[in-house]
Amino acid sequence: MKKFIVLLILCCASSQVWPEEATLQNIKVDTDLPAIERGMDDLMNNCHACHSLKYISYLDLLKLGIDKKKVDFMRGDQPLAAPLTGMLSDEAAMQMFGLVPPDLSLMTKAREGGPSYVYSYLLGYYNTPDGVTHNRIFPATKMPDPLGISTATDPAKREELKKTAHDIVSFLAWASDPHSAERHRLGYYVIGYLLFLTALLYAVKNRIWAGLKKH
Amino acid sequence: MKNRVIGWIDQRFPLSSFVKHDLTEYPTPRNLSYWWNFGFLAGFVLVLQVATGIFLAMHYRADASLSFDSVQHIMRDVNYGWLLRFMHATGASAFFMVIYIHMARTLYYGSYRAPRELMWWTGQGLLLMLMATAFMGYLLPWGQMSYWGATVITNLFKVTPYFGDQIVTWLRGDYSVSDATLTRFFSLHYLLPFLIIGGVVVHLVALHTVKSSNPSGIDLAARDNIPFHPYFTSKDLFGLGIFLIVYCIFVFFFPNMLMDPANFIPANPMQTPAEIVPEWYFLPFYAILRSVPNMVGGVVAMGLSVMMFAFMPFLDRSRIPGGASNRPMVKLGFYLFIINMLVLGYVGAHPVSERTLLIGHIATIFYFGSFFLIPFISKAEERWLIKRGLSPELKELMEREAREKTQSQARRRSGDTK
C-alpha cells in the first residue's frame, strides 16, 4: 500500500513541469453561470475582435444557459451551430502582428499553470520607465495589453480589471471543458455507487471466506 | 433441460471440464495477499481499453488535418464522448500502474522463479506490446507532444547499423512524422490489443499449468489450496471495486492531471515544444536514454533497461525458495530498486541540467548494477542465511517440498501419470 501511494504521488508530481519563467498568481476559476456570463461579455468586448473560439458554437452558449435573445443578438444572421470565429482575417492579423492570434477554446488547458497562467498573463503587462509595455509572464508576446492594466494606476480600477480577468478566465475554463460541471455531478453518483457496491462485495467476500477459516 | 443442454455441449466441447479445471476446482493457494489481485485487474483494464477504444474509433478521424478536431468533437459533441475519452486516456495510465504493481509483486515474492519462467517471459512480451500500443495511441490526438514524442522515438531507430535512415523512413512512412505515420499508428494501435489478448491467453494457459505462486515462495500442499471460485472470484471482485473507486476519482475529477498542456495545441512540425516529455510510465526508461551521453549507447541502454527483467530467472542463483519474505537481501534490494525507479522518473520528467544529469548517471548505474550484482548477492545471501540458520517454518516447508518432489518423481517412474 505504501508503495502504491508513493507511486501515485510520483505519477501526479511527475507530469507537472512547473513554469519557471515567472511566478503565477494562483486562482480558482468560478463555475457559476453569472461569472461565466460576465466573462463571456468581457471576452466578446476585449478578445473576440482578434481571437476565435472555434470549438464553441452559439448553440453551446444556449445550452450553457445564456438567454436566447442575447445569443440571437450576438450571432446576428449566423446559424446557431456556427462557431465563434474571430472577426480578424488571418491575412490582416499576419500584417498587424506577424502571426495569427491563437484560438482560445483550449487556452486554459494549453499552458502550464492553466487558468492561473492566463489570468497572470492578462494582468502581467507593465510599462517600463521609457514607456514600453512588457509582459512579465510572456515577454515575447505580440498581443497589446487588452485590459489596460499597464496604464491603470487607480487601485479601484486595478481591482476591477482583476475581476474582469478572473471572469474571462472562468469563461475560458468553461469553454475548454464544457462538460466539466456535468462530469463532477455524475462523478459523485458514480463514486457513491461504487462505495456502496464495494462495501457489499467486501461483505460477500468475508461471508464466503468465513466458512473457510473454521477448518 | 439445463443438464441436457450442458450434456449436449459437453459431448462436443469440453465446457464442464473447463469450468471445473479452471474455475470451480482450480487450486489456488489460500494465503494469497491482495497483491495477487493485479493480474485480474490488468485483464479487466485490457477489456476496458478495448471497449472504450472501439467506441472512440467510431468518432475519431485518423487524418492529420482532422484528428485534433475529431478529438474535440468527441469531447464536446458526442454523447458521453468525454467519458469515453477520459476513461480511455486514464485507462492507459491505470493499465501501466496495474502492470507495474503486478511486476513489482512478482519481483518481491520471486514469482518469476522456476517453474514460472515462461509466465515471466510471456509477461515481458506483453509489457513490450503494451508499451508499443500506448506509444502509438499517444500520437492519435495529434497534439504537439504527440507529434514530437513520436518524432523523437522513431528517430531513435537511426542508430540501426547500415539501414538507420531507411528504417526510420519505413517506420514513419515519410521523411518526417506525417499523415502516413498517423494512419499506420492508428491501424496498429487497433491491431496490437488483439495480439495482447492472444498473449494473455498464453500467459493464462501457462499459469493454469504451473498454478499461482504465493507469499511463502513454496509450492503449497494440496490441503493449503482452495478452489478459485468462489473464494478468489469474490476477492477479485472486491479488489475490482477498490480499483474502480480510485480509477473513477481520476476519470471524473482529475482527468487532465496526466495530460500534458502542450498536447492541447495542434501538432506543428515547424515549432518544437520547450520540453519534450513522455507520459509518466515511460519516464524512468526515458531518463536512462538521456543519461548515456552517446546516442547509440543511450538507445541500447534504454532497450536493455526494459528487457533486463527477462534475465531475472537466470540472475537469481539462490536455493532459498521464494522472494523477499524469506530473503532479507532481496527485500532490501527490492525497495532500493523501487526508490531508484522513482528517482529515474523524477530525472526523466525534468529538463536536463547539471544536477539531473548527475542524478541520472548515478541512478542508471545503480539500475543496471542492481541486476548485474544479483547473482553474487543471491549466492552470498544464501550462504549467510544457511549459516545463520533457516527458520523452522521455512525448513519445514522446504522439506515438505523436497518430499513431494521425490514422491512425484517416484510416481512418474512407476508409470502413474497422475
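- Counting heavy-atom neighbours within 6.0 Å of Tyr126(A) OH, excluding the residue itself, gives a total above 12.
- Ring geometry for Phe238(B) against Tyr202(A) counts as tilted: the plane angle lies between 30° and 60°, on a 0 to 90° scale.
- When Ser57(A), Ser176(A), Gly114(A) are compared by the number of non-hydrogen pairs under 4.5 Å with chain B, Ser176(A) comes out ahead.
- At a 4.5 Å heavy-atom cutoff, the contact between Leu195(A) and chain B is made by backbone and side-chain atoms alike.
- Heavy-atom distances place no part of Tyr281(B) under 4.5 Å from chain A, backbone and side chain included.
- Interface residue Tyr188(A): backbone and side-chain heavy atoms are both found under 4.5 Å from chain B.
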Q: Take Arg76(B) and Ile56(A), measure what side-chain contact (heavy atoms from CB on, under 4.5 Å) needs, and give me the verdict at the end.
A: CA-CA 9 Å; Arg76(B) 289 157 192 271; Ile56(A) 294 293; 3.5 Å; yes
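- Remark: Thr108(A) OG1 to Phe264(B) CZ distance equals 9.0 Å, nearest 0.5 Å.
- Contact tally against chain B (heavy-atom pairs below 4.5 Å) for Val204(A), Leu186(A), Asp60(A): the top residue is Leu186(A).
- Crowding of Tyr34(B) atom OH: a count of heavy atoms from other residues, nucleotides or ligands under 6.0 Å exceeding 12.
- Of the inter-residue distances, the one linking Lys109(A) atom NZ with Met259(B) atom CE reads 7.0 Å to the nearest 0.5 angstrom.
- Under the 30°/60° scheme for interplanar angles, the aromatic rings of His179(A) and Trp82(B) are found to lie parallel.
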Q: Please assess Ile226(B) against Trp209(A) for the test side-chain contact (heavy atoms from CB on, under 4.5 Å), listing each intermediate value before the final yes or no.
A: CA-CA 10 Å; Ile226(B) 49 178; Trp209(A) 281 69; 3.7 Å; yes
**Q.** side-chain contact (heavy atoms from CB on, under 4.5 Å) evaluation trace for Leu194(A) with Tyr247(B)
**A.** CA-CA 11 Å; Leu194(A) 281 174; Tyr247(B) 172 72; over 6 Å; no
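- Both the backbone and the side chain of Asp69(B) come within contact range of chain A, with heavy atoms under 4.5 Å apart.
- Between the CG atom of Leu197(A) and the CG atom of Leu244(B) there is a distance of 8.5 Å, given to the nearest 0.5 Å.
- Both the backbone and the side chain of Ile249(B) come within contact range of chain A, judged by heavy atoms closer than 4.5 Å.
- Looking at heavy atoms from C-beta onward, Leu201(A) lies out of side-chain contact with Leu240(B) at the 4.5 angstrom threshold.
- Proximity to chain A (any heavy atom under 4.5 Å) is shown, for Phe254(B), by neither the backbone nor the side chain.
- Scanning residues 76-105 of chain A against chain B with a 4.5 Å non-hydrogen threshold yields Ser105(A), sorted by number.
- Looking at Arg183(A) and Phe86(B), their side chains come closer than 4.5 Å, going by heavy atoms from C-beta outward.
- Around atom CZ of Phe253(B), more than 12 heavy atoms belonging to other residues, nucleotides or ligands sit under 6.0 Å away.
- Atom-to-atom distance recorded for Ile191(A):CD1 and Phe252(B):CZ is 7.0 Å, nearest 0.5 angstrom.
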Q) Where do Ile265(B) and Arg111(A) land on the side-chain contact (heavy atoms from CB on, under 4.5 Å) test, with the steps shown first? A) CA-CA 9 Å; Ile265(B) 302 168; Arg111(A) 296 290 181 274; 3.5 Å; yes
